[in-house]
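Per chain, numbering begins at 1; letters A, B, ... match sequence-line order.
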Amino acid sequence: MTPRDPSARAVAASAASAASAASAASAASAGAPGTGPARVGLAGPADPSGTSGALLAAVELRKRFGATPALDGASLRVDAGEIVALMGPSGSGKSTLLHCLAGIIGPDAGEVHYGTRRLSAMSEAGRSALRRGEFGFVFQFGQLVPELTCAENVALPLRLGGVGRRAARERARAQLARLGVDDVAGKRPGEVSGGQGQRVAVARALVTEPRVIFADEPTGALDSLNGEEVMRLLTQAAREAATAVVLVTHDARVAAYSDREVVVRDGRTRSLAG
Amino acid sequence: MNAPVVTRTTATTTGAAAGRRARASLAQLLLGARLTLAGGPSAWLRTAMTGVGVGLGVALLLVAASAPAILGARDDRRADRDPSSYLVGGPLAPSDTTVVAEPYETTTHGQVVVGLVVRPDGAHPPVPPGLSALPGPGQMMVSPALARLLDGPRGALLAARLPFERVGVIGAAGLAGPHELYVYIGEPRDRRPDAAPGSGQGFRIDHFGAPQRDASVPAVLTMLIIVIVAVLLLPIGAFTAAAVRFGSQARDRQLAAVRLVGADPGMARRIAAGGALAGALAGCAAGVALFAAGRPLAQRVTLFGSGVFAGDIRPSPALAALVLVAVPASAVAITLFSLRRVVIEPLGVVRLAPTTRRRLWWRLAMPAVGIALLLPLHAGGEEVFGRGKQAQLAAGVVLVLVGVTVLLPWVLDAAVRRLGPGPLAWQLAVRRLQLDSATTVRAVAAVAVAVTGAIALQMVFSVAEDRFTRRVSFGPGGESPGVTRLMVETGSPGSTAADLGRALASVPAARQVWAWASGGMTTVAPIGGDQANSQLSATLAVADCASLRRLATLPSCADGDTFLAVPGASSSGGAPPVISPEQLADPTARTPSAAALPGPGTQVRAGGYLAGLSDAGRAWVIPAGAGVVATRPDAPVSTLVLATPRAVGPELLDTLVPYGYIDVDRDEPDAYDKVAVAAARVDPLAHVLGFERTVVDPIFGQIRMSMYVGIAAVLGMVGASLLVTMVEQLRERRRVLAVLVAFGARRRTLAASVLWQAGVPMVLGVALAVGLGMGLGAALLRMVGLPPSFDWANIATISVATAAVVLGTTAASLPVLYRLMRPDGLRTE
């Protein structure tokens, strides 16, 4: 599978429609894939709140870090099974938007909806539980716990969710095998290559069968070949499982794996229909 | 001819090359220091953490370097005010420049108040340090701490027996420490209206200041001092070593970058050492600042009833210089040593440590050699260690204690390798320890050294205590259970025994009271006609028949009777002999081995307390009708001459002083204070003494107090340094923590993992320390010829206290953990 491959879009569309009727609406609003130059539009459908039928939606998010504004009215909707790339220069606020969408930080103003739930109305414990059960994460670096083996790292979210040690280990091994890195299961992160480590991280993000994966520069620390391989595995596994992906990147080649690209600039969002 | 030239040239070339290398090394060290200081807020924070960790150590080392000055100054001031100059030279005649000084001691709420009662003979008496003039009759001068006590809510019971006019405060020059309870009392004029000067218990002196004292210290005490110094200094060293390695992960990234721009591995190590040097220098500055700031505060602290004047905390210049040079130098050495097994590559640092098994043999060899050095040492009795033996002892102790720090990593490695999986928090902690236990080991090693030393010292102290403390008793005992017996001794012949009896009987919870007019007697004729010495002395107790019946079983009694009281037949050892004048005069007579009483008809000189020892006593003849009677088993005295007032006559009676004993309920709160207040009504300067009390050898007492203070200080530093170490460790893991939070990790999971991570090494460290501490203690006891004895309660107390410190500081680091669990750690831009 290659980026912008129409067949990939077809898989995405079918997976999305299988998961949620809303995804079809999203695909329609985002425009047909690979048809001409990118169009700048709204970061979601015409619905004013942007939340109706969406799996995940951010409405008019504002967030400051001290005197620095990170988000200044950013809005976004993500449908079930949809892969959305957040693009933008360094410091544009795309990681902050991802953290707000995942409930890791709360916005100063605006709302984040996950299905029918409002994240700002949930307690920290509730948001943690949500992240444990429904979300997965892949980061650029430093994400694997160095003292745990790769298999234990993959089993970690399961164990955080209360799955028994044995069952967690078996599911972790299966996930590693699916991503072709079962040979490093017993090794520590420091003993594997960057590409292998990132595949382990993808396996960890997928192991709980989440409904959304948040990936923050997942290939940022990899060479292009390894980066392509990780993106292929991530998007393929996500589409197979009808898992939505919110992908933060500043690399157009990585963004090309998405269904839709959203540009974040100065804390505001603009959709790029590709 | 050319050869020497060539050699010289080579030598010059080699010398120049060595000089260049040294300059290059220095430049690399400086570059490392500059990189640290120019590394932005994160590097500054790292340097600051190192500074705090090293600073705590340096401050304590400076306090240790001040110990000689602290102890010396205390001793000097004590000696300067000491009235024992009467011990040298002959007795002084009263003159314009003499004073009679009598020790004063009382206890209030368990605190001992000491001082001197002074009675100048003339207008120009000597003045002790800290006073501008002696207090006049009925006046007193008190130490600031005593003034606070008297004015405070707990001072009433003491003020009642110090009813003197307060005319001043004793200056620091006259006090051992800022919290000392000391008093100078001008003897009231009416206290001894007819006492001949010098007839009391005071000493006549013409200057204050102790005569030269014997400064030789028995081997056991030398041993204790050496062990204490080693036990206190090694943890400080271990913690300082741990602190210079703070932020090693960040440093490793920096080194990889340095390698990338062309530095070779050796240069990279020296640059790393330069970074550590910057931290150590910051630590030295922080330590000096902390020391300077803490000095005035130290005066306010009371530890185990003792305190130190800020002015006494002066580090010895040589030791202070040593600390300030050795700390940065060891920072460089430790960094170079710790990086020897680390390969620094341009694209990252590859550690070799986790794959290398730690070797056991040399780790075991260290304590083994230490014990081997200790075993041949023997110092029975009062033997004094020579310098050679002192060095051997110090080397042995240091090797055993350092053995703890080198054995612990191996023990921890071996133990955590075998630890199985468990709950997630446990798994995170165990895996962390399996990957890299070095940081934790360094922190726990210092604790383990302190525990090892504390246990060994505790063992020696509990056994040595018997040798250096003695129970002083004032009579044959006989008090019933649940009762405390106190002795009351007055110096006021103006009052009568009956006054004292009534005063004591008024004490609440008094069970039994004895009171009489007390004095001493000495035979006029020496034993066996020996003119030089060997007079027979005895105690005289004069009271009415009712009072005498409480002391002995009398067949009949009327005023005018005299009795010779000896222990009854039931008492073991047989009654002491009663020696008749004829037996006394027999030229073959010898001084009896047991206390003996002069028999009827013996001519004696008798009088006020101790007066019988001088010519001041009055002549008296023990009446011919004096019969031998048995003292009562519960009486506080056993062998003495009992007389009714008419038997001694008013003249002799006037010189005797009221004297007594009282039994009070043991449960009575402040019994001592209440008895002392009652006795003060008869004589404000009455001595009230516990029937039994413990007298501690002063050097032993000072060593023991130093150990308590030192171990408390080290444990405090252990706590503070552990906290800094924990916080630094957490800070290095902020990214991993943030990722775990993103995954929805619960606070309690991560908190439990941090506690396990500290708890497992702590348990292993304490277990090792208990084992080695007991071994060291047994070896030290064997050295002084004593069998090993293990006080499990003490060992448990020390272990639990240490565990509490470790777990307490770990718990104190949890707020930092929670703060680091915020998602800020995920931000990379």
Side-chain angles (χ1 to χ4, degrees), chain A residues 65 70 89-96 98-100 102-106 124-125 127-149 152-153 155-163 165-166 168-169 188-191 201 204-205 208 214 216-217 220, chain B residues 249-250 252-253 345 347-355 416 419-437 439-440 729 732-750 752-753 756-757 818 821-829:
Chain A
F65 293 107
S90 291
S92 58
K94 49 190 191 301
S95 289
T96 305
L98 180 136
H99 293 160
C100 285
I104 296 172
I105 57 175
E124 176 52 44
R127 289 203 302 271
S128 291
L130 185 69
R131 292 200 297 272
R132 279 200 299 275
E134 311 260 319
F135 297 169
F137 295 89
V138 185
F139 297 102
Q140 181 178 354
F141 54 74
Q143 54 180 320
L144 295 177
V145 180
E147 54 265 28
L148 299 182
T149 63
E152 286 167 344
N153 261 290
L156 186 65
L158 292 171
R159 298 210 58 198
L160 285 171
V163 177
R165 191 165 49 84
R166 231 169 265 254
R169 193 176 56 198
R188 291 208 172 93
E191 299 167 311
R204 185 173 67 175
T208 54
F214 295 93
D216 192 352
E217 302 278 11
Chain B
Q249 281 185 18
D252 291 350
R253 284 197 295 276
E345 292 296 346
L347 290 173
V349 178
V350 180
R351 294 191 171 282
L352 297 182
T355 53
V416 294
L419 289 178
L424 186 58
W426 167 264
Q427 188 188 29
L428 281 169
V430 168
R431 288 283 189 263
R432 176 92 191 135
L433 290 171
Q434 284 169 345
L435 178 68
D436 177 23
S437 56
T439 315
T440 316
Q729 267 189 301
E732 284 206 340
R733 289 171 58 75
R734 62 189 305 165
R735 175 136 191 110
V736 169
L737 289 171
V739 169
L740 286 170
V741 171
F743 275 100
R746 294 178 187 86
R747 275 183 172 197
R748 64 167 184 272
T749 306
L750 296 185
S753 127
W756 279 124
Q757 204 182 312
Y818 295 152
M821 283 174 69
R822 289 179 194 160
D824 301 15
L826 290 173
R827 293 168 62 80
T828 52
E829 290 162 357

(request) Identify, with sequence neighbours excluded, every residue that meets side chain to side chain donor-acceptor pair (under 3.5 Å) alongside A:R159. (result) B:Q427
(request) Could I get the full list of side chain to side chain donor-acceptor pair (under 3.5 Å) partners for A:E134, not counting sequence neighbours? (result) A:Y114
(request) Check for a donor-acceptor pair, side chain of B:R746 on one end and backbone N or O of A:A125 on the other, with a separation under 3.5 Å. (result) no
(message) Any side-chain to backbone donor/acceptor pair from A:R132 onto B:G744? Under 3.5 Å, distance only.
(response) yes
(message) Less than 4.5 Å to any heavy atom of chain B: does that hold for the side chain of A:E152, its backbone, both, or neither?
(response) side chain
(request) Heavy-atom distances under 4.5 Å only: say whether A:F135 touches chain B with side chain, backbone, both or neither. (result) neither
(request) Identify the two heavy atoms, one from A:R131 and one from B:V741, that lie closest to each other, and give their separation to 0.1 Å. (result) NH2-O, 2.9 Å
(request) Kindly compute the distance separating CG (A:L156) from CZ (B:F743), expressed to the nearest 0.5 Å. (result) 7.5 Å
(message) To the closest 0.5 Å, what do you measure between CG (B:L424) and CG (A:L158)?
(response) 11.0 Å
(request) Check whether any side-chain heavy atom of A:F139 lies under 4.5 Å from a side-chain heavy atom of B:V739, and answer yes or no. (result) yes
(request) Report yes if some heavy atom in the side chain of B:R432 is under 4.5 Å from a heavy atom in the side chain of A:V145; otherwise report no. (result) no
(request) Please state whether the side chain, the backbone, both or neither of B:L433 comes within less than 4.5 Å of a heavy atom of chain A. (result) neither
